[in-house]
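All remarks here apply to the structure that follows.
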Amino acid sequence: IESFKAEVKELEDNAAIASLSQLYIEGTEDVNLIRTVQTQWQQTDSDGAFAYFEMQFKKNPKSAQAVYYFGRLQDSPLDKIKLGRKAIELDKKWPYGYRLVLAPYSGLFSGREKPDNLELLMAELSNDAKYYKKLIKLVPDETYPLEFFYQYLMYSEKYKKALKTLDKRKAVNPKSVSDRDYAVTFARLGKFDKALDFSRKMTDSALENERIKPEEYIQMLNRYHVGALRQAEAYEQIISWYKNQEGHENNGAALYDMACYYSLSGKSDLALASIVNAADQGWNEVNHLKRDSDLNSLHNNPGWENAVNKVQAAWDSGADERRKYTLESKFEKDAPEWALTNVAGDTVRLSDFRGQVVILDFWATWCGPCRLAMPVLDNYVQNEKPDGVQVFSINVWERDPEKAKDFFEETGYGMTLLYGHNDLSKMYEFTGIPYICLIDKNGRIRYEEKGYGEALGESLITWTEDLLK
């Protein structure tokens with residue numbers, strides 16, 4: 001596997017990657033190696049990978065392996081399940097057919113996937129639940145079947161059995177189970193003190209490994225414990241937890257969080273009062289307030305408009321300070337050159353825009369924060385962008401680049417879409433997206449934003465005004 005990864009890094013041409021992938025696939029029976037090669041091939045040339053494994057499937061329709069590998073490439077969870085069942089029929093003792101059937105449910109239970117055909121998918125679960133125990137018996141020394149089963153039990157609200165399954169996973173491989181798993185499970189069982197014990201263990205570990213500073217201990221403990229309670233929908237318990245925190249009445253962020261849990265508990269008046277109190281303590285993220293689904297139940301309440309106005313006033317009062325901070329973040333380094341393809345298939349080079357200010361937005365369709373940033377960028381392009389500024393949205397880390405094109409067609413965004421490559425993250429030194437940077441007229445990066453911030457719209461205006469001087 002490591003040899004393949006090293007070799008594929010040296011290749012940029014899709015045809016060369018396809019040839020190398022076929023060489024490895026046809027020269028081994030190692031399932032994990034084939035899975036790794038298939039995934040890499042799909043990321044670089046999804047159409048080519050699909051065509052190859054479809055051909056193998058048609059040539060060998062009675063091969064459980066051919067069915068399984070083709071099934072892995074299906075976009076539809078229902079199609080994956082259908083082909084997984086076929087693989088099981090062909091070889092009941094081969095575990096990967098079961099894995100293909102159960103993986104889509106696992107993605108659903110964990111929240112990683114939100115399929116459009118959710119009702120149809122859940123209707124199939126009753127037919128496939130029998131495969132959990134069969135898979136565990138087939139590979140008793142593996143942890144992934146126990147993980148699948150644990151997620152199913154949690155979804156089915158069988159929390160005592162889920163706790164026993166966690167213990168079994170830990171016995172197979174202690175590293176496969178986290179303290180967070182136990183915290184959430186105990187919270188679901190209503191054993192909040194036990195949940196807190198595991199949240200403390202996570203926080204202690206973070207402190208011991210210097211991932212947090214001593215003064216950040218309480219903040220991190222809050223994050224872990226409230227996260228576990230939230231998954232258990234123990235909203236009253238969360239409110240009590242915040243109320244017991246010293247100084248919570250002067251902490252705008254804590255007051256806002258309490259408002260969310262009051263809302264989720266059906267206590268609208270307390271939620272609105274807590275929002276107003278948060279604004280009085282300086283909490284000002286008005287755009288976040290408006291889109292927070294935790295507060296949807298408040299939107300028709302007569303007090304909602306007043307609460308929004310209070311937070312808006314807090315936001316407006318901080319404009320000068322935000323502008324000052326934004327300008328103080330200015331720095332200087334060379335912007336690496338690139339040549340990328342646009343939707344029309346034309347090559348676009350960064351150097352073509354020397355003498356103009358260039359805004360780069362690195363993004364992917366699956367990235368939630370990217371989807372928050374893009375309407376802000378679009379609004380800037382449509383309504384605020386002055387002459388002499390170019391805005392490019394560079395799609396990276398996308399399994400299927402066609403999704404980026406479809407997304408832009410659906411949204412009608414005004415940025416120029418470019419198809420990026422994996423080396424861009426190293427070139428521009430980012431490890432997460434969205435990553436937004438501004439390049440001056442001389443080809444130097446002067447401003448950047450890592451992730452999405454509520455002040456992005458203001459910052460874009462401030463940055464470009466400064467660089468156009």
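Not measured: the values here are computed from a predicted model.
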Subject >> Between F362 and W397, ring centroids under 6.0 Å >> reply: no
Original post:
Hey, mind stepping through W304 and L295 against side chain to side chain contact (heavy atoms under 4.5 Å, CB included) and telling me if it holds?
Top reply: CA-CA 10 Å; W304 173 247; L295 305 175; 4.3 Å; yes
Subject >> Residues Y262 and S268: side-chain donor-acceptor under 3.5 angstrom >> reply: no
**OP:** Using only heavy-atom distances, determine whether the side chains of Y182 and D167 contain a donor-acceptor pair under 3.5 Å.
**Re:** yes
Ionic contact status for [Y] with [X], cut-off 4.0 Å:
X: D294; Y: R230; answer: yes
X: E249; Y: K243; answer: no
X: E410; Y: K403; answer: no

Counting distance only, does the side-chain N/O of [X] pair as donor-acceptor with the main-chain N or O of [Y] below 3.5 Å?
X: S176; Y: N173; result: yes
X: E398; Y: T365; result: yes
X: T28; Y: D30; result: yes
X: D334; Y: P336; result: no

Parallel, tilted or perpendicular: which describes the rings of [X] and [Y], with under 30° parallel and over 60° perpendicular?
X: F186; Y: F198; value: parallel
X: H225; Y: W241; value: perpendicular
X: Y152; Y: F109; value: tilted

Crowded around [X] [atom1]? As in, over 12 foreign heavy atoms under 6.0 Å?
X: E246; atom1: CD; result: no
X: E26; atom1: CD; result: yes
X: D193; atom1: CG; result: no
X: R223; atom1: CZ; result: no
X: N300; atom1: CG; result: no
X: E216; atom1: CD; result: yes
X: E337; atom1: CD; result: yes

Original post:
Can you name the closest pair of heavy atoms from G412 and D378 and give their distance?
Top reply: O-OD1, 4.2 Å
Original post:
What do the steps show when you test F408 against W363 for ring-ring contact (aromatic ring centres under 6.0 Å, His included), and what is the final call?
Top reply: CA-CA 12 Å; F408 260 65; W363 72 289; 5.6 Å; yes
Original post:
Would a 4.5 Å heavy-atom cut-off, applied to side chains only, mark K450 and F430 as touching?
Top reply: no
Original post:
Do F50 and F70 pass the ring-ring contact (aromatic ring centres under 6.0 Å, His included) test, and can you show the C-alpha distance, the side-chain angles, and the key distance before you say yes or no?
Top reply: CA-CA 7 Å; F50 189 90; F70 183 53; 5.3 Å; yes
Tell me which donor-acceptor pairs under 3.5 Å the side chains of residues 124-138 have, and how far apart each pair is, sequence neighbours excluded?
from	atom 1	to	atom 2	distance (Å)
E124	OE1	R85	NH1	3.2
E124	OE1	R85	NH2	2.6
S126	OG	A123	O	3.4
D128	OD1	R85	NE	3.1
D128	OD1	R85	NH2	3.2
D128	OD2	R85	NH2	3.0
D128	OD2	Y105	OH	2.6
K130	NZ	N127	O	2.3

